[in-house]
**Student:** 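Just dropping this structure here.
Just so it is clear, the structure is predicted and the values come from calculations on it, not from any experiment.
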Amino acid sequence: MKKVAFYTLGCKLNYSETSTIGRIFQERGFEKVEFTDTPDIYVINTCSVTDNADKKCRKIVKEAQKYSPNAFITILGCYAQLKPKEIAEIPGVDAVLGAAEKFQLVDILEGFTKKDKAEVYASPISEANTFHNSYSFGDRTRTFLKVQDGCDYSCSFCTIPLARGNSRSDTIANVVRAANEIAESGVKEIVLTGVNTGDFGLQDGKRVETFFDLVKELDNVEGIERFRISSIEPNLLKDEIMEFVAGSKRFMPHFHIPLQSGSNKILKLMRRRYKRELYAERVAKIKELMPHCCIGVDVIVGFPGETEEDFLETYNFINGLDVSYLHVFPYSERENTLAPEMPGKVSIKERNRRADMLRILSEKKKRYFYEQNIGREFTVLFEDDVKDGVMEGWTENYVRVAAKYDPVLVNELKHVRLTGINAAGLMEAEETYVEVLKH
């Protein structure tokens, strides 16, 4: 029995796909092992969101060779689709598979026999037109369930459409079937994920179903206590979705909504499909319906043409929003996108300075959000990740709670009262002994 190990870079979507590919290997008689357990095969799933993809890929290949010098090393994922020949030149790499090939790698590579030169299997992205359902498995408290793939948007900074192809989705029936399978395994929380999750419903280029239809159906799945929407574009976050989540017992009061910039000038240069006014309306609507809802924000700083005045406009806009935390990204040049050709390049040093300012703002926003929840009662789903005798879990509205490790609490929902924030910035709580009702 050959041993195979996996390593995933990037997003939740990548994790769901790696997990599914892992199950394909196991069904074919391979043994899944840890990275350091001298595997016969390594599968490295890559990301291309930043310009560090090449550096990270090389580092992981080098580490793999250290632990298992004769292993067969396969690279797949977004970076593999965008630059297969470049990856094939990395010493130690044996095979590179593109977006249309990655789910067939066991068949394509068969015996995983090393050759003198890396083999490349990467079709044009137009051939990546099939939806492959995927979900992560192993962390039994939370699963990432892929419902959508690809993107039809053409943001001027983004390579994802080139790496993953056009927008396409699973069917509602298939997603519900997968959710039921996940429920049977004992998992209590599902995070819905995709490249452009809110665009769910496109099959063979036609709008067949909608994301709202999917949300309504999943709300009826027995056995899953919690659903989260991983990320949704502000222009696709409709009132009906927010209103439904506000009244749902299974969909959590937690949204992650990419902003990218608080300047309409920069949003236009980015080719985003909304203005800051729409974003502000979405945040206000959520808070009106769910005052203690957690709202996460993606922001890019240092985009070409972003002056200090534009950046401060973004900073002040976010500062005035009732949001809970930020994911901040210094702009990163990507080949075959429009942005690098735009005038007004911002220095790396300045990009990093602006990113640091927003990260400090994020910490302030997060702490304020946590403080607003002290004294309130929630249910916490505890996870099995234990460090220094402390375990952690998440409330419905994504407040991270620390508790003394108790094996009985793992994968259990406990009703608690939030009591204060500890030195590590985590919430502490006391159990209130209210029985958590099952749906």
**Student:** Do any N or O atoms from the side chain of S324 and from the backbone of C294 form a donor-acceptor pair under 3.5 angstrom?
**Tutor:**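 Such a contact is absent between S324 side chain and C294 backbone.
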
**Student:** Looking at Q26, I'd like to know if its CD atom is crowded, meaning that more than 12 non-hydrogen atoms belonging to other residues, nucleotides or ligands lie closer than 6.0 Å.
**Tutor:** yes

**Student:** Under a 4.0 Å threshold between the charged nitrogen and the carboxylate oxygen, would D149 count as salt-bridged to R168?
**Tutor:**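 Salt bridge between R168 and D149, a charged N being under 4.0 Å from a carboxylate O: yes.
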
**Student:** Once you round to the nearest 0.5 Å, how far does CD of Q81 lie from CD1 of I87?
**Tutor:**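 Taking CD in Q81 and CD1 in I87, the distance rounds to 10.0 Å.
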
**Student:** Can you tell me how far NZ of K102 sits from SG of C78, rounded to the nearest 0.5 angstrom?
**Tutor:**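 It comes to 6.0 Å.
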
**Student:** Report yes if some heavy atom in the side chain of T193 is under 4.5 Å from a heavy atom in the side chain of V147; otherwise report no.
**Tutor:** no

**Student:** Tell me the closest heavy-atom pair linking S261 and I266, and the distance in Å.
**Tutor:**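 It is OG-CB, 3.4 Å.
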
**Student:** Taking the side chain from K365 and the backbone from L321, do they hold a donor-acceptor pair closer than 3.5 Å?
**Tutor:**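 Answer holds: yes.
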
**Student:** Just jot down the ring pair (Phe, Tyr, Trp, His ring centres under 6.0 Å) partners of Y370, sequence neighbours excluded, or say none.
**Tutor:**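 By the ring pair (Phe, Tyr, Trp, His ring centres under 6.0 Å) rule, Y370 matches no residue at all.
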
**Student:** Looking at every heavy atom in both E396 and P253, which two are closest together, and how far apart are they?
**Tutor:** O-CD, 3.7 Å

**Student:** Going by heavy atoms in the side chains, are C47 and Y79 under 4.5 Å from each other?
**Tutor:**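 Sidechains of Y79 and C47: no contact.
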
**Student:** Does a donor on one side chain sit under 3.5 Å from an acceptor on the other, for D199 and S167?
**Tutor:** yes

**Student:** Working to the nearest 0.5 Å, report the span between NZ of K83 and OG1 of T46.
**Tutor:** 11.5 Å

**Student:** For N235, give me all partners under side-chain hydrogen bond (donor to acceptor under 3.5 Å, both in side chains), at least two apart in sequence or on another chain.
**Tutor:**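 Applying side-chain hydrogen bond (donor to acceptor under 3.5 Å, both in side chains) to N235 gives Y153.
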
**Student:** Do V399 and F369 have side chains that get closer than 4.5 Å, going by heavy atoms?
**Tutor:** yes

**Student:** Do the side chain of E101 and the main chain of S123 share a donor and acceptor less than 3.5 angstrom apart?
**Tutor:**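 It does hold such a pair.
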
**Student:** Show, in sequence, the C-alpha distance, side-chain angles and deciding distance for D152 and L202, and conclude whether the side chain to side chain contact (heavy atoms under 4.5 Å, CB included) test is met.
**Tutor:** CA-CA 10 Å; D152 292 341; L202 286 172; 3.6 Å; yes

**Student:** Among side-chain atoms of R177 and N180, is any donor-acceptor pair under 3.5 angstrom?
**Tutor:**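 Judged by distance alone, the side chains do not pair up.
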
**Student:** Could you tell me whether a side-chain N or O of R250 sits under 3.5 Å from a main-chain N or O of I224, the two making a donor and an acceptor?
**Tutor:** yes

**Student:** Looking at every heavy atom in both A118 and A88, which two are closest together, and how far apart are they?
**Tutor:**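 Smallest interatomic distance, heavy atoms only, reads CB-O, 3.6 Å.
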
**Student:** Taking the six-membered ring for Trp, are Y274 and Y279 parallel (under 30°), tilted (30 to 60°) or perpendicular (over 60°)?
**Tutor:** tilted

**Student:** Quick one: does N422's side chain have a donor or acceptor within less than 3.5 Å of a partner on L426's backbone?
**Tutor:**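 It does hold such a pair.
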
**Student:** Taking all non-hydrogen atoms of both residues, which atom of C293 and which atom of H254 are closest, and how far apart?
**Tutor:**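 Shortest heavy-atom separation between C293 and H254 comes out as SG-N, 3.6 Å.
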
**Student:** Side chain to side chain contact (heavy atoms under 4.5 Å, CB included), that's the test. Do F244 and F212 meet it? Break it down for me.
**Tutor:** CA-CA 9 Å; F244 188 84; F212 183 47; 3.7 Å; yes

**Student:** Has K115 got its NZ or CZ under 6.0 Å from the middle of the six-membered ring of F72, at an angle within 45 degrees of the ring axis?
**Tutor:**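 Verdict for F72: no cation-pi partner in K115.
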
**Student:** Can you list the steps and then say if E243 with K285 is a side chain to side chain contact (heavy atoms under 4.5 Å, CB included)?
**Tutor:** CA-CA 9 Å; E243 288 162 4; K285 176 78 173 179; 3.2 Å; yes

**Student:** Which pair of non-hydrogen atoms, one from S48 and one from L82, has the smallest distance, and what is that distance?
**Tutor:**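 Smallest heavy-atom distance, with atoms named: OG-CD1, 3.4 Å.
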
**Student:** Can a donor-acceptor pair be found, under 3.5 Å and without considering hydrogens, that links the side chain of R272 to the backbone of N264?
**Tutor:**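 Pair absent, no side-chain N/O of R272 close to backbone of N264.
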
**Student:** Check this for me: K275, atom NZ, are more than 12 non-hydrogen atoms of other residues, nucleotides or ligands nearer than 6.0 Å?
**Tutor:** no

**Student:** State whether the side chain of N316 and the backbone N or O of L312 hold a donor-acceptor pair below 3.5 Å, judged by distance alone.
**Tutor:** yes

**Student:** Please identify each residue that fulfils ring pair (Phe, Tyr, Trp, His ring centres under 6.0 Å) with Y331, with sequence neighbours left out.
**Tutor:** F303

**Student:** Please determine, by modelled atom types, if Y15 and E17 share a side-chain donor-acceptor pair under 3.5 angstrom.
**Tutor:**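 Checked: Y15/E17 side chains show no N/O donor-acceptor pair below 3.5 Å.
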
**Student:** Under 4.0 Å between a side-chain nitrogen and a carboxylate oxygen: does that hold for E225 and K188?
**Tutor:**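 No, no charged N to carboxylate O under 4.0 Å.
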
**Student:** Taking everything shown except K59 itself, do over 12 heavy atoms lie less than 6.0 Å from its NZ?
**Tutor:**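 Counting neighbours around NZ of K59, 12 or fewer heavy atoms of other residues, nucleotides or ligands fall under 6.0 Å, so no.
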
**Student:** Report the distance from atom CZ of R164 to atom CD of Q148, rounding to the nearest 0.5 Å.
**Tutor:**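 Going from the CZ atom of R164 to the CD atom of Q148 covers 9.5 Å.
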
**Student:** Can a salt bridge be assigned to the pair E363 and K366 using a cut-off of 4.0 Å between side-chain N and carboxylate O?
**Tutor:**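 No, no charged N to carboxylate O under 4.0 Å.
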
**Student:** Just wondering, are more than 12 heavy atoms of other shown residues or ligands nearer than 6.0 Å to NZ in K62?
**Tutor:** no

**Student:** For the ring pair Y42 and F112, is the centre-to-centre distance below 6.0 Å?
**Tutor:**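 No; F112 has its ring centre 6.0 Å or more from that of Y42.
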
**Student:** Give the C-alpha distance, both sets of side-chain angles, the deciding distance and a yes or no for side chain to side chain contact (heavy atoms under 4.5 Å, CB included) between F144 and S230.
**Tutor:** CA-CA 9 Å; F144 301 129; S230 65; over 6 Å; no

**Student:** Suppose we call two aromatic rings close when their centres sit under 6.0 Å apart. Are Y7 and F35 close by that rule?
**Tutor:**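 Yes - the distance between ring centres of Y7 and F35 falls below the 6.0 Å cut-off.
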
**Student:** Is a side-chain donor-acceptor pair under 3.5 Å present for N45 with T8?
**Tutor:** no

**Student:** Please determine whether a side-chain nitrogen of the Lys or Arg among R273 and E233 lies less than 4.0 Å from a carboxylate oxygen of the Asp or Glu.
**Tutor:**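 Salt bridge absent between R273 and E233.
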
**Student:** Would you check if the side chain of R282 reaches a backbone N or O of P234 as a donor-acceptor pair within less than 3.5 Å?
**Tutor:**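 Yes, R282 side chain to P234 backbone: donor-acceptor pair under 3.5 Å.
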
**Student:** Would you list the pairs meeting side-chain hydrogen bond (donor to acceptor under 3.5 Å, both in side chains) in which at least one residue belongs to residues 344-355, sequence neighbours left out?
**Tutor:**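 Of all non-adjacent pairs touching residues 344-355, those that pass side-chain hydrogen bond (donor to acceptor under 3.5 Å, both in side chains) are E306-R354, E308-R353, E333-R351, E350-R353, E350-R354.
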
**Student:** Just by distance, no angles: are the side chains of R359 and S362 close enough, under 3.5 Å, to form a donor-acceptor pair?
**Tutor:**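 Side chains of R359 and S362: no pair found under 3.5 Å.
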
**Student:** Taking CZ in R207 as the centre, count heavy atoms belonging to other residues, nucleotides or ligands within less than 6.0 Å. Is the count above 12?
**Tutor:** yes

**Student:** Please name all residues satisfying side chain to side chain contact (heavy atoms under 4.5 Å, CB included) with H292, sequence neighbours left out, ordered by chain then number.
**Tutor:** N373, R376, N397

**Student:** Using the salt bridge (charged side-chain N to carboxylate O under 4.0 Å, His left out) rule, take E313 and R276 through it: C-alpha gap first, then chi angles, then the decisive distance, then the call.
**Tutor:** CA-CA 11 Å; E313 190 178 3; R276 55 183 258 159; 3.3 Å; yes

**Student:** Check the angle between the aromatic planes of Y325 and H256 and answer parallel, tilted or perpendicular using the 30° and 60° thresholds.
**Tutor:**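 Taking H256 first and then Y325, their aromatic rings sit tilted (interplane angle of 30° to 60°).
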
**Student:** Considering all heavy atoms of both residues, which atom of L267 and which atom of L259 are nearest to each other, and what is their separation?
**Tutor:**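 That would be CD2-O, 3.5 Å.
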
**Student:** Determine whether more than 12 heavy atoms belonging to other residues, nucleotides or ligands lie under 6.0 Å from atom CG of D107.
**Tutor:**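 Yes.
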
**Student:** If you measure from CG on L145 to CZ on R228, what distance do you get to the nearest 0.5 Å?
**Tutor:** 15.0 Å

**Student:** Do other residues, nucleotides or ligands put more than 12 heavy atoms under 6.0 Å from the CD atom of E277?
**Tutor:**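 Yes, CD of E277 has more than 12 neighbouring heavy atoms, counting only those of other groups under 6.0 Å.
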
**Student:** For Q65, what residues pass the side-chain hydrogen bond (donor to acceptor under 3.5 Å, both in side chains) criterion, not counting sequence neighbours?
**Tutor:**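 Partners of Q65 under the side-chain hydrogen bond (donor to acceptor under 3.5 Å, both in side chains) test: none.
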
**Student:** We want to know whether S19 and S136 form a side-chain donor-acceptor pair, criterion being a heavy-atom distance below 3.5 angstrom.
**Tutor:** no

**Student:** Can you tell me how far apart CD (E181) and OG1 (T143) are? Round to the nearest 0.5 Å.
**Tutor:**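 Here the interatomic distance stands at 11.0 Å.
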
